[in-house]
**Q** 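Below you will find the structure I want to go over with you.
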Number of protein chains: 2
Amino acid sequence: MTFDLKDCGTCPIRHRAVCARCESDELEILESIKFYRSFEAGQPVIWSGDSMDFVASVVTGVASLSQAMEDGRTQMVGLLLPSDFLGRPGREFAPYDVVAVSNLTLCCFRRKPFEKMMLNTPHIAQRLLEMTLDELDAAREWMLILGRKTAREKIASLLTILARREASLALQTAQSGTSFELPLTREAMADYLGLTLETVSRQVSALKREGIVQLEGKRKIIIPDFDLLVAETGDDADGGVMV
Amino acid sequence: MTFDLKDCGTCPIRHRAVCARCESDELEILESIKFYRSFEAGQPVIWSGDSMDFVASVVTGVASLSQAMEDGRTQMVGLLLPSDFLGRPGREFAPYDVVAVSNLTLCCFRRKPFEKMMLNTPHIAQRLLEMTLDELDAAREWMLILGRKTAREKIASLLTILARREASLALQTAQSGTSFELPLTREAMADYLGLTLETVSRQVSALKREGIVQLEGKRKIIIPDFDLLVAETGDDADGGVMV
DNA sequence: CGGAGTGTTGAAAACAGTCAAAGACAGTGG
DNA sequence: CCACTGTCTTTGACTGTTTTCAACACTCCG
């Protein structure tokens, strides 16, 4: 990490996070209640039911939100990438398990002061509303994947989503020939998609066998023809989501 | 409906809708941009991709949001009950199909004036943020149902959700002996749960055969022992969701 | 070298889906 | 009043995808 941990001005997620609309005087207040926390890949950030005295922005890395059933079945219900927001103002106890999927840095704000600040800083509430509405859209797209797609379509959809995100970080659109590092294990992919890890492994192998994706090691994905992959998602060619 | 269509003061959803926090002067502005629209059960409200020049609150009835795939597979991604909000400020085109599941009355606001009003009326934006966060929680619970539950658990979960809502309208908690009218056809239930309508029918019959629910006609559900039903959902006894 | 974590592959079983037929019910019009 | 129609629902038989259970391969690391 090469950004200055104290200065919001050099923060890599400054323009997309919950503080994106803040003026410099507002940032100063935020700086006074913020602190950074880091987690190694695989580490828990918080367990469902724990009291949460902070909310946070993901600065670098990936975190997952999941819900577990008594018998161990687990469903991932959120994937937090850099600039995404963690926690809910006004809520004391965490409703989900939060785990660092990769090495993770959070910019945390003490919850009480943050809530107080939201009341007189419309810029924060406005941005949070926008981000929450976007997350709701993403959750609904995810529901279609979970409820109606086949195992193969689910895998293709996940790879498409990850490729698009990777591209958008570089301010591009996803293209043939792009490649990216899979931030998820087979088990995490399975928890995301509502499958077993064996089924994930089989379907990834099948896509590889058919030349729709190439693998370098277990984790690096190369997509020789992006349209070919999109055709496997079951969505229409434009990606399905209307803007 | 016995409420006065002009006066927010007698509106049945006044205390829970997006306008819940508004002062009387704010309500006056809202009244000047609002209008009511009604739809019969089964009627489309808007199609995915249509331009939407209004946002709205559900006053009475039930509406569904769904996403369709090219080949006809359909997934319901939202169920809007009285007081729920429809539409997104700042968005021109509808991303989902909206259908009146039962007879439906909407309190519509012209989108442009509503957006303008949001900027100088923090009460509306605050309430909308709260409602959106609640919807996101509901969507995530739904994801667990779609991704990890068996057909039987899905049906039991849906009935539990509907029973709880029914009870909360009467300001009670769900209890043994409660009954309610199913607002959904078997097909709509299937679209909600990511099942086929045949599987829904079979599982409802099975729960009836085992005495876990009783049916009066096709649509009225009686729950003799609420805990027995909850035990079939796969969640832990307290309902799973932490508040 | 042994062990833990991660991933792959095979065979059998189970669950939900598909296809098909028929029942229940409400509304319509003769 | 009754036959007819259309919609919604139930049930049966069969099929097929995904899960389950099991074994094994690969890599990293002490």
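In what follows, chains are A, B, ... by sequence order, proteins preceding strands, each numbered from 1.
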**Q** Start at the 5' end of DNA chain D and walk down; is the nucleotide closest to K218(A) or to L195(A) reached first?
**A** L195(A)
**Q** Are there more than 12 heavy atoms of other residues, nucleotides or ligands under 6.0 Å from atom CD of E187(A)?
**A** no
**Q** To the nearest angstrom, how far is E181(B) atom CD from dC8(D) atom C1'?
**A** 15 Å
**Q** Would you mind reading off the distance between D191(A) atom CG and dT19(D) atom P, rounded to a whole angstrom?
**A** 12 Å
**Q** Rounded to the Å, how far apart are E187(A) CD and dT20(D) C1'?
**A** 15 Å
**Q** Classify T185(A) by what it touches in the nucleic acid, base, sugar-phosphate, or nothing, heavy-atom distance under 4.0 Å.
**A** sugar-phosphate
**Q** Base, sugar-phosphate, or nothing for G217(A), non-hydrogen atoms under 4.0 angstrom?
**A** nothing
**Q** Taking donor-acceptor contacts at under 3.5 Å, does the side chain of E198(A) reach the base of dC21(D)?
**A** yes
**Q** Rounded to the nearest angstrom, tell me the gap between atom CD1 in I155(B) and atom C1' in dT10(D).
**A** 14 Å
**Q** Any pair with a residue in residues 175-201 of chain B that passes ring-ring contact (aromatic ring centres under 6.0 Å, His included), sequence neighbours left out, goes on the list, sorted by first then second residue, please.
**A** W142(B)-Y192(B)
**Q** In whole angstrom, give the distance that lies between atom CZ of R148(B) and atom C1' of dT19(D).
**A** 11 Å
**Q** Taking 5' to 3' order, which nucleotide of DNA chain C is first and which is last to have an atom within less than 4.0 Å of a heavy atom in chain B?
**A** dA16(C) to dC19(C)
**Q** Taking everything shown except R16(A) itself, do over 12 heavy atoms lie less than 6.0 Å from its CZ?
**A** no
**Q** Spell out, as yes or no, whether a donor-acceptor pair under 3.5 Å connects the side chain of T233(B) to the backbone of A156(B).
**A** no
**Q** Scan S205(A) against the nucleic acid and name what it touches under 4.0 Å (heavy atoms): base, sugar-phosphate only, or nothing.
**A** sugar-phosphate
**Q** Is R202(A) side chain donor-acceptor paired with the dT20(D) base, going by distance under 3.5 Å alone?
**A** yes
**Q** Out of D191(A), L195(A), T196(A), which one pairs with L193(A) under the side-chain contact (heavy atoms from CB on, under 4.5 Å) rule?
**A** L195(A)
**Q** Can you measure L197(B) atom CG to dG12(D) atom C1' for me and round it to whole angstrom units?
**A** 15 Å
**Q** Once ring pair (Phe, Tyr, Trp, His ring centres under 6.0 Å) is applied, do any residues pair with Y96(A), and if so which ones, sequence neighbours excluded?
**A** none
**Q** Is the number of heavy atoms from other residues, nucleotides or ligands within 6.0 Å of CD (E40(B)) greater than 12?
**A** no
**Q** Atom CZ of R219(A) and atom P of dT27(D): how far apart are they, to the nearest Å?
**A** 14 Å
**Q** Check whether any side-chain nitrogen or oxygen of T196(A) sits under 4.0 Å from OP1 or OP2 of dT18(D), and answer yes or no.
**A** no
